[in-house]
Every structure is written in structure tokens, then in C-alpha cells.
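Below you'll find the structure, written out as C-alpha cells, and then a few comments.
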Number of protein chains: 2
Amino acid sequence: MTRSQRKARTTEAGQSEMALESLVGYNLKRAYVVLQSDYRSVMGDHGLSPRVFSALTFVVETPNLTQSDLARRLGIERSGLVAIVDELEGRGYLRRVAVPQDRRIQALSPTEAGVQAYEVALELVHDHENRVLHMLNTEEREQLVHLLKKIREKGE
Amino acid sequence: MTRSQRKARTTEAGQSEMALESLVGYNLKRAYVVLQSDYRSVMGDHGLSPRVFSALTFVVETPNLTQSDLARRLGIERSGLVAIVDELEGRGYLRRVAVPQDRRIQALSPTEAGVQAYEVALELVHDHENRVLHMLNTEEREQLVHLLKKIREKGE
DNA sequence: TATTGTTATACTCTATAACTATA
DNA sequence: TATAGTTATAGAGTATAACAATA
């Protein structure tokens, strides 16, 4: 394959296509932006941001989670997690609980309000995904998640 | 489907799976982060950032492109484009060319160095994608691009 | 009046480095 | 020495609002 052939591909309709169009990274970014902006419009201005929602999910579903654990699972630095935990605590969705065995640690314990907020938010997120992904059927969505997960697992 | 069934799915191995794991948005974000960080490590600190590379691609492949056109195609604001065009001009990869017919417009014209830098960068990006996506075969990559493009097209 | 390019400004997300209190 | 949580700080990336020049 020559350089020019690689650069200018041809679509089924016979139109020339930019090299960008066939790159995974470019399409991944653009699709990510589409989902992100629809997410914001569904969750609203005082709703949980994607990262705070993810954090709440881990807190609700993982007993005795520490902040370092959570940061590792979210793939961010411990320092960046502080603001996220502050927000969830400020909303009354979790408590920082002292651990007698190791006084450096503060376990993250969801409150009843936190569990309920999680349930409600999950419904909203499902609504959002159903709306923004209406052009993909169930099989295509599962295929997409499967492919994305493969990328994620090797990259960790 | 009840709320608890939707929340805690079961994998083939019989382990319970967090609701997060089946969300497209969550997996999209994580895969995006994996690609982004590999991109940086391949392109280096003084290499073109993803958005600058995308901008250069449009400039090289689209004759008589204006800044407003380019901003629209990249999906960002005109104001945000100024720094990108400044960088490309500073590297000597394009020129802002006055258009006699409409003196508000500055057409973006790639230089010879810009075209060459684009060719080199495209090779690097292909190397990067081949490396970071080694766990996907050609068919899977095309499938992924196809699915992502469907999301992008409806979201515009 | 509307549009192009531009500046100023602010906000979100994230990383690095350094601190404290524990271990 | 090493780790958990924290603070301060800085750098991308992006958006909004306002402006001058031009249409």
C-alpha cells in the first residue's frame, strides 16, 4: 500500500475519505464528545458528573473501599479524588469512616441517601444511553462495549 | 427487568458485574483514556497534540479552508481554534492567507513543511494505533470504527 | 445587522510535588 | 522508609462574552 493510497481512501459511494475518518482514536474522541454532551443535558447542571457518578457506583457496590482503592479503580490520582469525595460527602451520599486498625485510612461508606441517589442516577444514565444510542440496536451496543472493554483491559 | 437485576448482572464466569461495566459511556471514556495516553507517549512532548494533528489534516486535505469552517468541522468554538492555528503557523506548517473577495476571512494554506509534517505524523499515528490496538484484528477495528461513526453522525 | 477572527476570562479535569499523620 | 489523605499549584482543553473590522 503506497502512502497516497493509505492517505486517501475511497468510500462505497466513491467519495474520497480523509485519513482521519478511518482512525479509531479520532472516532473514539468524537463519539465520546457526543455521549458526554448528551449526558450533561440529561443529568442537568446540579446532577452528578460522570466521574462523580462512577465514584458513587464504586462506593455503593464495594464495601470498605478506601480512597486509594477508589482512585486506582477510577484510574486517577489520589489527589484528584479528594474533590470528588468531598462533593459526595457534601451531598450526604457517603461518610468518611475512621478505621481503628489503620488510622491513616478513611473507609468510604455510602449513606442511605447515597444508595437512593445512585439508583435514581442509574435510571437517568440508562435513559440517557437509550436516547443517545438509539441508532444502535442491542446487539451493536453489546458489540461496542465488548470491543471497548478489550482495549481497556490491555491498557491497564 | 427489575431494578436489582439491571444493577447487578452476571458474567459468563458467574461473577457479579457492576452496572458501570455494561454502560457504553463508561467504557468509551476508559478506552479513550488508554488511546490518549499511548498517543502522547508515541508522539512525544513536542509532537502534535491530537487536536492539532486533526486540524493539520483538515488544512492539508481541504483547499481554501477558513478558520470558521475548521472550527465547525472539529466541533469546537472559533475562539478555541486561534491557539491551534497559532501553533501550526508557529511551526511553519500553514499560513493565514488574506482573501481579496472577503477581507474578514483568512484562508488556511498548508506549507510544504506542513504537508511533510502531516505525512510523518500520520505514519506515527498509524504506528500508535497498531500498537495500542494490537488486541483487535482488522475486522474488529473496522467494526469499532463503524459503530463509533454511527454515534457521531447522529450526534451532529 | 450578521459574520470573521480575536482577546479576555473562567471553569473542568487532571497531574505533580510537597506536606502530615500514621504505619 | 513507605503509605493514606490532603493541599497547592499548574497545565490542558473548552466555553462564553465582548470587541474591531468587514460584509
Side-chain angles (χ1 to χ4, degrees), chain A residues 25-26 29-30 32-37 39-41 43-55 59 64-90 94-109, chain B residues 25-26 28-30 32-34 36-37 39-41 43-55 59 64-90 94-109:
Chain A
Y26 179 73
K29 167 74 175 287
R30 298 299 296 255
Y32 170 63
V33 169
V34 170
L35 257 79
Q36 206 183 25
S37 103
Y39 178 97
R40 305 264 177 205
S41 76
M43 302 297 277
D45 278 346
H46 12 271
L48 299 175
S49 67
R51 66 193 194 141
V52 174
F53 170 69
S54 297
V59 171
N64 302 318
L65 189 67
T66 70
Q67 285 189 211
S68 293
D69 281 341
L70 182 50
R72 214 171 299 119
R73 293 187 198 223
L74 290 173
I76 63 175
E77 293 297 313
R78 280 172 302 147
S79 61
L81 194 68
V82 176
I84 296 172
V85 174
D86 283 349
E87 177 178 338
L88 287 171
E89 194 175 40
L94 63 78
R95 273 187 288 267
R96 286 168 159 107
V97 179
V99 177
Q101 293 82 359
D102 186 338
R103 295 191 0 244
R104 292 173 301 183
I105 293 174
Q106 307 220 254
L108 302 174
S109 176
Chain B
Y26 179 72
L28 198 59
K29 166 74 174 286
R30 297 299 296 255
Y32 170 63
V33 168
V34 170
Q36 206 181 26
S37 104
Y39 177 98
R40 305 264 177 205
S41 76
M43 302 297 277
D45 278 346
H46 15 269
L48 299 175
S49 67
R51 64 190 197 143
V52 174
F53 170 70
S54 296
V59 170
N64 301 317
L65 189 67
T66 70
Q67 287 189 211
S68 293
D69 281 342
L70 181 52
R72 214 171 299 121
R73 292 186 199 223
L74 289 173
I76 63 174
E77 291 297 312
R78 280 173 301 147
S79 61
L81 194 68
V82 176
I84 296 172
V85 173
D86 282 350
E87 178 179 337
L88 288 171
E89 194 175 39
L94 64 76
R95 273 188 287 267
R96 287 168 157 109
V97 179
V99 176
Q101 294 82 358
D102 186 339
R103 297 195 356 247
R104 292 173 302 183
I105 294 173
Q106 307 220 255
L108 301 175
S109 175

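Excluded from the calculations below are hydrogen atoms, water molecules and symmetry mates; all remaining heavy atoms, backbone and side chain alike, are included. All chains are named by letter (A, B, ...) in the order of the sequence lines, taking the proteins before the strands, and each is independently numbered beginning at 1. Just so we're clear, the structure is a prediction, and the values are computed from it rather than from any experiment.
Separating the CZ atom of B/Arg40 from the P atom of C/dT16 is a distance of 13 Å, rounded to the nearest angstrom. Between the CD1 atom of A/Ile76 and the P atom of C/dT16 there is a distance of 13 Å, given to the nearest Å. With rounding to whole Å, B/Gln101 atom CD is found 15 Å from C/dT4 atom C1'.
Ranked by how close their nearest DNA chain C nucleotide is to the 5' end, A/Pro100 and B/Thr66 are led by B/Thr66.
Put simply, the side chain of B/Arg78 and the base of C/dG5 share a donor and an acceptor less than 3.5 Å apart. No hydrogens or angles were tested; on distance alone, nothing pairs the side chain of A/Ser49 with the base of C/dT12 as donor and acceptor under 3.5 Å.
An OP1 or OP2 oxygen of C/dT6 is reached within less than 4.0 angstrom by a side-chain nitrogen or oxygen of B/Gln106. Here B/Gln36 does not reach the OP1 or OP2 of C/dT14: none of its side-chain N or O atoms lies under 4.0 Å away. Proximity of A/Lys29 to the phosphate of D/dG13: no side-chain N or O atom is located under 4.0 Å from OP1 or OP2. At D/dT6, one or more side-chain N or O atoms of A/Arg96 fall inside 4.0 Å of OP1 or OP2 (strictly under the cut-off). For B/Arg51, a side-chain nitrogen or oxygen approaches OP1 or OP2 of D/dT14 to under 4.0 Å. For the pair A/Ser68 and D/dG5, the criterion of a side-chain N or O lying under 4.0 Å from OP1 or OP2 is met.
Side chain of A/Arg104, nearest nucleotide from D/dA21, D/dA2, D/dA12: D/dA2.
Side-chain contact check for A/Arg30 versus A/Val34: every heavy-atom pair is 4.5 Å or farther apart. A 4.5 Å side-chain heavy-atom check between B/Ile76 and B/Ile84 finds at least one atom pair inside the cut-off. Annotation: side chain of B/Leu65 is in contact with side chain of B/Arg73 (closest heavy-atom distance under 4.5 Å). A/Asp86 places a side-chain heavy atom less than 4.5 Å from the side chain of A/Arg96.
Here B/Arg103 lies in heavy-atom contact (under 4.0 Å) with sugar-phosphate atoms only. Contact annotation for B/Glu77: base contact, defined as any heavy-atom pair under 4.0 Å involving a base atom.
Residues of residues 80-88 of chain B that place a heavy atom closer than 4.0 Å to DNA chain D do not occur.
Considering CG of B/Leu81 and CZ of B/Arg51, their distance stands at 8.5 Å, rounded to 0.5 Å. Residue B/Leu74 holds its CG atom at 9.0 Å from NZ of A/Lys29, rounded to the nearest 0.5 Å.
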